[in-house]
Amino acid sequence: MKSKHNVLIFIPSLIGALVLLGWLLGIEILKRPRESMVAMNPMSALSFVLIGFALYLNLNRSDSNTSRSVVRLIALFVLLIGLTKLYSIISGFDLGMDKFLFSDKIAKDIIKGIPNRMAPNAAFDFVVLGSAVFLSSFRKEVLSSISNYLCILVLLIGLFSVIGYVYQVQEFYGILSYIPMAIHTAISFIFCSFALLLINGNAGFMKVFTSKSSGGILARVLIPFLIIVPVLFGYLRIYLNRLNPVSLELGVGFLMTGIILTFFILVWFVATQLEKSDIARTDAERKLSELNHELEKLVSSKTMDLFKSENRFRTILEQFPYPVLTYDPQGVCTGTNFAWEEMWTTRRDVLVDYNILKDPQIKEAGFFPYVEKAFGGEPAISEPFPYDPKLIGSSGRNRWLQMVLYPIKNTAGNILEVIVVHQDITSSKEAENEIRLLNNDLEERVRVRTEQLVFANKELESFSYSISHDLRAPIRGISGFTQILMEDYGVNFDAEGKRIIGKIIENAKQMGHLVDDLLEFSRLGRTELAEREISMKELASTVYKELINLDPGREIRFEIQDIPNVRADQPAVRQLWVNLISNAIKYTKKSESPIIQIGSEESEEGTVFYIKDNGAGFNMQYYHKLFGVFQRLHSNSEFEGTGVGLAIVKRIASRHGGKVWAESKEGEGATFFFTLPGQDPKLK
């Protein structure tokens with residue numbers, strides 16, 4: 001609708017702009033339709049451009065205070081122009097308002113001896129139209145209604161002027177000897193007033209013309225005919241009289257006959273449309289009556305179904321094993337069930353006027369956000385909280401509650417009621433408290449026992465270290481004195497004596513190795529780890545070269561991949577490689593083509609390092625003994641050893657947060673795996 005109004009507003013603004021352009025460039029066709037006609041005064045053209053802009057703001061920016069102020073300023077300016085011209089005409093003192101623009105060109109524009117000026121009826125229309133626009137800007141129905149009456153006056157003056165030009169009756173568009181109103185000025189007034197009437201369509205008599213009722217539609221259909229038909233037939237009468245003059249009576253008779261015939265056809269057309277409308281309305285009323293009858297039946301049936309459904313719901317609610325309450329959208333309790341009465345040992349009458357939204361205990365317990373959520377339309381389950389029933393007049397004991405709240409909505413999404421289910425979790429809460437107390441007691445016991453165990457482990461490590469350290473001197477003495485005995489008195493011993501002395505030296509050496517391993521095992525539990533970047537490939541290769549040099553004559557195929565670097569304690573990791581590589585060298589001594597392979601692979605736990613050989617292997621049945629202290633899966637006569645090396649490997653991996661494991665088949669070699677979670681992926 002606004003777009004149609006904007007078109008009406010645009011037309012007078014366009015006419016005014018074209019006229020100003022005509023005065024500026026001297027284009028006569030833009031100033032006046034014909035050379036013999038009066039040109040629109042430049043000030044009138046400017047006023048139409050401004051009024052068009054004011055009407056646009058009034059229609060499209062009516063809510064803006066700035067726009068309203070601009071509209072009022074424009075209206076007052078146009079009003080002032082009209083008043084100034086009228087004052088000049090009445091007083092005889094020319095203020096020159098209509099000669100302000102293009103004064104030189106206006107002085108030369110003379111038609112029939114009359115210079116170009118603003119016509120008195122045009123000035124009067126500007127006063128009335130400016131007043132109408134000013135009143136309309138206030139957007140009050142009373143003022144808009146007055147504005148509409150003023151617009152009608154402007155519209156009539158404009159129509160009379162146009163009819164005067166059509167009938168060539170100067171008295172209609174001119175006053176006395178003053179310059180007459182230009183035809184395009186009259187047309188611009190018609191469009192401006194008509195546009196303002198539509199803008200004020202909800203005020204005064206315009207309500208009838210803009211309504212969607214039958215009366216409004218009929219008025220909008222008839223009004224154009226009421227204006228156009230008489231004017232058209234009047235023009236035809238004058239035109240025909242000029243072609244073939246007839247008596248006044250005959251001409252008026254033909255005129256009236258044409259008007260009557262035209263309006264008869266119009267009335268017939270309107271009556272036909274009204275009859276169709278009445279028939280359609282009667283038919284619609286009959287169908288509506290039938291539908292109402294069917295609706296009454298349906299409502300009666302649905303009411304009965306609803307009554308049955310409500311009874312069924314109440315029966316289910318009453319027999320439900322958990323306490324249930326219902327609330328209206330304002331939070332007032334509307335009912336509960338027998339389980340609630342049993343839990344609180346009271347009657348449901350105590351809930352009269354109880355409002356869950358105003359319960360102070362619920363607010364203090366921090367439960368209120370769940371209530372707000374449910375009454376806002378979303379289901380909610382509360383955290384457990386203690387509830388004192390004295391607030392609702394119950395003598396029952398305090399209980400721990402957890403509430404389930406569910407809003408019931410209609411098809412439109414509006415809340416009908418909120419159902420609240422009470423879950424009594426007092427027993428589980430008390431059991432939880434007992435378990436918590438037991439857990440606290442158990443944690444205290446564990447803490448004490450842990451401290452005792454740590455103290456015992458430290459004492460045991462100290463004892464182990466002391467024993468191992470103290471054993472070194474006697475073993476060293478046994479080995480030394482036996483060596484002296486062999487060197488000084490060996491010539492006096494027979495072969496058996498020499499064999500026994502050799503066994504003593506060998507066992508002393510073995511015991512020395514055992515003590516060294518025990519000291520190393522003990523040291524790993526007491527020393528702090530100093531992590532730094534380690535090149536695993538370089539470290540493993542160096543350890544292998546050192547160990548193979550101690551066993552000259554061995555030919556082993558040693559293969560090592562580009563394994564990643566790690567961040568770990570270097571002495572500890574070196575000892576780990578020494579123990580694993582020395583085991584591989586030792587257990588492949590009976591293989592014809594010994595192979596030792598070192599590599600790594602990725603897994604979910606990170607990088608897994610491995611060392612693989614094709615030596616003696618072991619039976620996986622005894623795997624549980626593999627990493628224990630003093631646990632050996634081969635006899636000392638087959639492969640020498642102390643049974644501590646793999647235990648040291650396990651402790652090194654564990655202290656770095658990793659683990660070690662192995663896979664083997666007896667006679668087919670073994671593979672040892674280990675992880676060091678401290679490894680840095682950036683070092684790979």
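Sequence positions, counted from 1, serve as the residue numbers for this chain. In this text the structure is predicted, and so the values were computed from the model without any measurement. Heavy atoms only: backbone and side chains are in, while hydrogens, waters and symmetry mates are out.
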### Reported CG-to-CG distance for the pair Asn410 and Leu416, which is rounded to 0.5 angstrom
4.5 Å
### Query
Can you name the closest pair of heavy atoms from Ile9 and Ala195 and give their distance?
CG1-CB, 4.0 Å
### Query
Partners of Lys659 by salt bridge (Lys or Arg N to Asp or Glu O under 4.0 Å), sequence neighbours excluded?
Glu605
### Query
Does Phe194 CZ have over 12 foreign heavy atoms under 6.0 Å away?
no
### Task
With rounding to the nearest 0.5 Å, note down the distance linking CZ in Phe189 to OG in Ser47.
8.0 Å
### Message
My understanding is that only residues two or more places apart in sequence, or in another chain, count here; which of them pass salt bridge (Lys or Arg N to Asp or Glu O under 4.0 Å) with Glu141?
### Response
Lys207
#### Entry: Heavy-atom pair with the smallest gap, counting every atom of Asn565 and Met536
OD1-N, 3.9 Å
#### Entry: Leu196 to Ala132 - nearest heavy-atom pair and separation
CD2-CB, 3.7 Å
### Evaluation steps, side-chain contact (heavy atoms from CB on, under 4.5 Å), between Phe124 and Leu153
CA-CA 10 Å; Phe124 179 76; Leu153 181 58; 3.8 Å; yes
### Task
Could you tell me whether a side-chain N or O of Ser600 sits under 3.5 Å from a main-chain N or O of Val608, the two making a donor and an acceptor?
no
### Query
Are any side-chain N or O atoms of Asn60 and backbone N or O atoms of Tyr56, one a donor and one an acceptor, separated by less than 3.5 Å?
yes
### Message
Quick one, Leu59 with Leu55, criterion side-chain contact (heavy atoms from CB on, under 4.5 Å). Give me CA distance, side-chain angles, the key distance, then yes/no.
### Response
CA-CA 6 Å; Leu59 176 64; Leu55 292 178; over 6 Å; no
### Results of side-chain hydrogen bond (donor to acceptor under 3.5 Å, both in side chains) for Ser147 - residues two or more places apart only
Asn200
### Message
Surrounding CZ of Phe191 (heavy atoms of other residues, nucleotides or ligands, distance under 6.0 Å), is the total greater than 12?
### Response
no
### Query
What distance do Thr282 atom OG1 and Leu288 atom CG have between them, rounded to the nearest 0.5 Å?
12.5 Å
### Query
Do the non-hydrogen side-chain atoms of Phe674 and Val649 ever get within less than 4.5 Å of each other?
no
### Task
Can you sort out the partners of Phe673 under ring-ring contact (aromatic ring centres under 6.0 Å, His included), two or more places apart, ordered by chain and number?
Trp661
### Query
Is it the case that more than 12 heavy atoms not belonging to Tyr610 sit under 6.0 Å from its OH atom?
yes
### Query
Can you check whether Leu405 reaches Ile419 side chain to side chain, under 4.5 Å on heavy atoms?
no
#### Entry: Counterpart residues, salt bridge (Lys or Arg N to Asp or Glu O under 4.0 Å), relative to Lys287 (two or more places apart)
Asp283
### Task
With sequence neighbours excluded, tell me which residues meet salt bridge (Lys or Arg N to Asp or Glu O under 4.0 Å) with Glu285.
Arg281
### Task
Search all heavy atoms of Val71 against all heavy atoms of Ser137 and return the closest pair with its distance.
CG1-CB, 3.9 Å
### Message
Any heavy-atom pair between the side chains of Thr607 and Glu602 that's under 4.5 Å?
### Response
yes
### Non-neighbouring partners of Phe53 that pass ring-ring contact (aromatic ring centres under 6.0 Å, His included), sequence neighbours left out
none
### Query
Are there more than 12 heavy atoms of other residues, nucleotides or ligands under 6.0 Å from atom CG of Asn202?
no
### Task
Report the distance from atom CD1 of Ile415 to atom CD of Glu378, rounding to the nearest 0.5 Å.
9.5 Å
### Message
To check you understand the geometry: which heavy-atom pair defines the closest contact between Val573 and Leu676, and what is its length?
### Response
CG2-CD1, 4.3 Å
### Message
Let me confirm one number: the CG-CG distance from Leu135 to Asn148, rounded to the nearest 0.5 Å.
### Response
10.5 Å
### Task
Would you please name every residue forming a side chain to side chain contact (heavy atoms under 4.5 Å, CB included) with Ser145, sequence neighbours left out?
Tyr149
### Message
How long is the straight-line distance from OG of Ser136 back to CD1 of Ile199, given to the nearest 0.5 Å?
### Response
6.0 Å
### Query
Okay, side chain of Asn355, backbone of Gln330: is any donor-acceptor separation there less than 3.5 Å?
yes
#### Entry: Closest approach of His184 to Ser188 (non-hydrogen atoms, all atoms of both residues)
O-OG, 2.8 Å
### Message
Quick check: do Leu79 and Ser131 have side-chain heavy atoms less than 4.5 Å from each other?
### Response
yes
#### Entry: Which residues share a side-chain hydrogen bond (donor to acceptor under 3.5 Å, both in side chains) with Arg68, sequence neighbours left out
none
#### Entry: ring-ring contact (aromatic ring centres under 6.0 Å, His included) against Phe375, all qualifying residues, sequence neighbours excluded
none
### Task
Check side-chain hydrogen bond (donor to acceptor under 3.5 Å, both in side chains) between Glu290 and all other residues, then give those that pass, not counting sequence neighbours.
Arg286
### Query
Does a side-chain heavy-atom distance below 4.5 Å link His656 with Val566?
no
### Query
Just wondering, do Phe77 and Phe126 contact through their side chains at under 4.5 Å, heavy atoms?
no
#### Entry: Minimum side-chain heavy-atom gap Val154-Cys192 below 4.5 Å
no
### Query
With a 4.5 Å heavy-atom cut-off, do Ile74 and Val133 have their side chains touching?
no
### Message
For Phe134, give me all partners under ring-ring contact (aromatic ring centres under 6.0 Å, His included), at least two apart in sequence or on another chain.
### Response
Phe138
